[in-house]
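Predicted, not measured: the structure shown is a model, and the values here were computed from it.
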Amino acid sequence: MAPLIPEIISPEYNYLIALIVGLGFGFALEQAGFSSTRKLVGLFYGYDFTVLKVFFTAGVTAMIGVVTLSHLEMLNTEIIFVNPTFLPSAITGGIIMGAGFIIGGFCPGTSAAAAAIGKLDGWAFIGGATIGIFAFGEFYPLLEDFYLAGNQGPLLFYNVLGIERITFALILMAVAIFAFVATGMIEDKVNKKPVHILSGNWKNKTIAAAIPLAVVLILMITPSRKEFTMEKLEARAASGECKPDLIDADKLAFEIMNNYYQYNVIDVRSAEEYKAFHIATAINIPLDDLHSTAYRKLLNQRIQTNVFYGASPAQAKKACLIARYHGNETSLALNVTAEDFKNTFYGEISIPENPTKSQQTIALFRRRAAEKMKEIEKNLASREKPVQQKVTRVQGGCS
């Protein structure tokens, strides 16, 4: 089991937390009646849809929590581990598990809940699953090619459909409401009872459906915390209220030549633009990623001065304002573009006829600066080069 909350909860506590969560999960399963094979297989025969209702409710609740916390930037969804999809083995495994569910009446989790309260069929199911696990391990070399075939990577349903995550949440909410109504009608018909889903206290049913729908709709029409912050910063910058400190190209080159270890140069362009050309010692953090919690420590460090540059001075200024918003008051923005910096030092340095002493000095400085920056970049490349802050992904759970 990977860190539950990386860099906040120590890995040593993982098993203790897993035990507490597991006890709570097992208790919830047993209280929902999931230690009964009749209730579990009722889903397949149409007389009891408790399994569908409980798991649909849990899934929708978790989904609303994730999209809400992500909208408020209280949860970084980038660190959530998504199992890669291997289509042939996933389909085969689904068929085997579905058949086992119907025949045995349990899935792995519910069999453990049944075994915990002393049911022999639960223990028998666990014994069969254990034998299957060992058999799979022994025959894995023969099954490996099939098991790893059709690798689709970590797929997310809304990405496959080509829609926004919040839109998918709204669609799933509608599907859940329809499923609850439809399965309630089927359940009553199979059990030869009056269809009660269409009667009773409509007020409570309407409120139960309306509250999660309202939450999702509010999230759709309101800006995220990141969008709100950017609008606020741009408005303050446009009004002249919040002006970042600037540094010119010659000054930055001089500092890199003589004091590069005192500056944290950050390229906020795309990875492709950074790869094509970047200023010596620079690391790459695209502007859209600067708000990520993964870079919060890097932006707020006090040992080096952050210097931002981009495809335009406006990009660099915006990055500087983002760093200031997150608590760093000493960041600088380069007052020229990356292309201008490249042309100034690595392009053809022309000297006019009858140059003044000042013009000669500047031309000589820029030639020397270009050579020195190339030398620094080469030396750093041969040693441990500064890298982007990486995110520790949370793993674990059922797969």
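Within a 6.0 Å sphere centred on CZ of Phe178, other residues, nucleotides and ligands contribute 12 heavy atoms or fewer. Other residues, nucleotides and ligands contribute at most 12 non-hydrogen atoms within 6.0 Å of the CG atom of Leu120. Counted within 6.0 Å of CZ on Phe146, heavy atoms from surrounding residues, nucleotides or ligands total more than 12; the atom is thus considered enclosed. Within 6.0 Å of the CZ atom in Phe44, the count of heavy atoms belonging to other residues, nucleotides or ligands exceeds 12. No more than 12 heavy atoms of other residues, nucleotides or ligands sit less than 6.0 Å from atom CD1 of Ile303. With a 6.0 Å radius and a threshold of 12 heavy atoms from other residues, nucleotides or ligands, Glu164 has its CD atom at or below the threshold. Atom CD of Glu138 has 12 or fewer neighbouring heavy atoms from other residues, nucleotides or ligands inside a 6.0 Å radius.
A salt bridge does not link Arg368 to Glu375: none of the charged nitrogens lies less than 4.0 Å from a carboxylate oxygen. Using a 4.0 Å cut-off between charged nitrogen and carboxylate oxygen, Asp48 and Lys39 count as a salt-bridge pair. Here Glu371 does not pair with Arg367 in a salt bridge; the nearest charged N to carboxylate O distance is not below 4.0 Å. With respect to the salt-bridge test (charged N to carboxylate O, under 4.0 angstrom), the residues Asp267 and Arg269 qualify.
Rounded to the nearest 0.5 angstrom, Ile266 CD1 and Phe308 CZ are separated by 4.0 Å. Leu334 contributes atom CG, which lies 5.5 Å from atom CD1 of Ile279 (distance to the nearest 0.5 angstrom). The CG atom of Leu43 sits 10.0 Å away from atom CD of Glu187, with the distance rounded to the nearest 0.5 Å. To the nearest 0.5 Å, the span separating CZ on Phe157 from CD1 on Ile163 amounts to 9.0 Å. Lys374 NZ to Tyr346 OH: the interatomic distance, rounded to the nearest 0.5 Å, is 7.0 Å. In this structure, CG on Asp121 lies 5.5 Å from OG1 on Thr37, to the nearest 0.5 angstrom.
Panel note: side chain Asn328, backbone Arg324; no donor-acceptor pair is recorded below 3.5 Å. Not one N or O on the side chain of Asn191 forms a donor-acceptor pair closer than 3.5 Å with the backbone of Lys193. With hydrogens and angles ignored, the 3.5 Å screen pairs a side-chain donor or acceptor of Gln304 with a backbone N or O of Tyr261. At least one donor-acceptor pair under 3.5 Å links the side chain of Glu227 to the backbone N or O of Ser224. Without hydrogens or angle criteria, Ser36 side chain to Gly33 main chain gives no donor-acceptor distance under 3.5 Å. A donor-acceptor pair under 3.5 Å links the side-chain atoms of Glu273 to the main chain of Ser270, judged by distance alone. When atom types are taken as modelled, the side chain of Asn258 and the backbone of Phe254 share a donor-acceptor pair closer than 3.5 angstrom. The main-chain N or O of Phe341 is never found under 3.5 Å from a side-chain atom of Tyr309 such that the two would form a donor-acceptor pair. A donor-acceptor pair under 3.5 Å is formed between the side chain of His71 and the backbone N or O of Pro223. In this structure, Thr68 contributes its side chain and Gly65 its backbone to no donor-acceptor pair below 3.5 Å.
The shortest heavy-atom contact between Ala32 and Thr50 is O-CG2, 3.8 Å. Of all heavy-atom pairs spanning Ala114 and Gly122, the tightest one is CB-CA, 4.1 Å. Of all the heavy atoms in Ala323 and Asn300, the pair that sits closest is O-OD1, 4.3 Å. Contact detail for Pro244 and Cys320: the closest heavy-atom pair is CB-SG, 3.6 Å. When all heavy atoms of Phe86 and Ala149 are compared, the pair lying nearest together is CB-O, 3.6 Å. For Pro88 against Gly150, the heavy-atom pair with the smallest separation is CD-CA, 4.0 Å.
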For the pair Ser70 and Arg165, evaluate side-chain hydrogen bond (donor to acceptor under 3.5 Å, both in side chains) and give the outcome as yes or no after the intermediate values. CA-CA 11 Å; Ser70 176; Arg165 177 172 57 191; 2.9 Å; yes

Give the C-alpha distance, both sets of side-chain angles, the deciding distance and a yes or no for side chain to side chain contact (heavy atoms under 4.5 Å, CB included) between Asn264 and Leu299. CA-CA 9 Å; Asn264 187 33; Leu299 295 181; over 6 Å; no

Test side chain to side chain contact (heavy atoms under 4.5 Å, CB included) applied to Lys53 and Phe180, step by step: CA-CA 7 Å; Lys53 293 173 183 176; Phe180 289 164; 4.0 Å; yes

Side chain to side chain contact (heavy atoms under 4.5 Å, CB included) between Leu143 and Phe136: does it pass, once the steps are laid out? CA-CA 8 Å; Leu143 300 171; Phe136 177 79; 3.9 Å; yes

Output, in order, the C-alpha distance, side-chain angles, deciding distance and verdict of side chain to side chain contact (heavy atoms under 4.5 Å, CB included) for Val268 and Ile285. CA-CA 5 Å; Val268 296; Ile285 307 176; 5.6 Å; no

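Between Phe168 and Tyr158, the ring planes are tilted. Angles from 30° to 60° get that label. Ring planes of Phe106 and Phe125: perpendicular class, angle over 60° (limits at 30 and 60°). Classified by interplanar angle (parallel below 30°, tilted 30° to 60°, perpendicular above 60°), the ring pair His278/Tyr274 is parallel.
You'll find the side chain of Tyr263 stays beyond 4.5 Å of the side chain of Ile256, heavy atoms only. The closest side-chain heavy-atom distance from Gln152 to Pro84 is not below 4.5 Å. Looking at heavy atoms from C-beta onward, Ser312 lies out of side-chain contact with Lys317 at the 4.5 angstrom threshold. Looking at Val216 and Ile64, their side chains come closer than 4.5 Å, going by heavy atoms from C-beta outward. In this structure, the side chains of Leu170 and Leu213 come closer than 4.5 Å at one or more pairs of heavy atoms. Proximity of Arg38 to Tyr47: side-chain heavy atoms (C-beta onward) are separated by under 4.5 Å at one or more points. A heavy-atom distance below 4.5 Å is not found between the side chains of Leu332 and Asn306. Inter-residue side-chain proximity for Asn284 and Pro286 is flagged as met; some heavy-atom pair is nearer than 4.5 Å.
Separation of the Phe34 and Phe25 ring centroids does not fall under the 6.0 Å cut-off.
Cluster membership for Phe139 and Tyr147, using ILVMFWY side-chain heavy atoms within less than 4.5 angstrom, is shared. In the hydrophobic clustering of ILVMFWY residues, with side-chain heavy atoms under 4.5 Å counting as a link, Met220 and Ile218 come out apart. Residues Met63 and Leu155 do not share a hydrophobic cluster, clusters being chains of Ile/Leu/Val/Met/Phe/Trp/Tyr side chains in contact below 4.5 Å. Under the 4.5 Å side-chain contact rule for hydrophobic residues, Leu23 and Ile17 do not share a cluster. Cluster annotation: Val175 is connected to Val51 through the hydrophobic network of ILVMFWY side chains, with a link wherever side-chain heavy atoms come within less than 4.5 Å.
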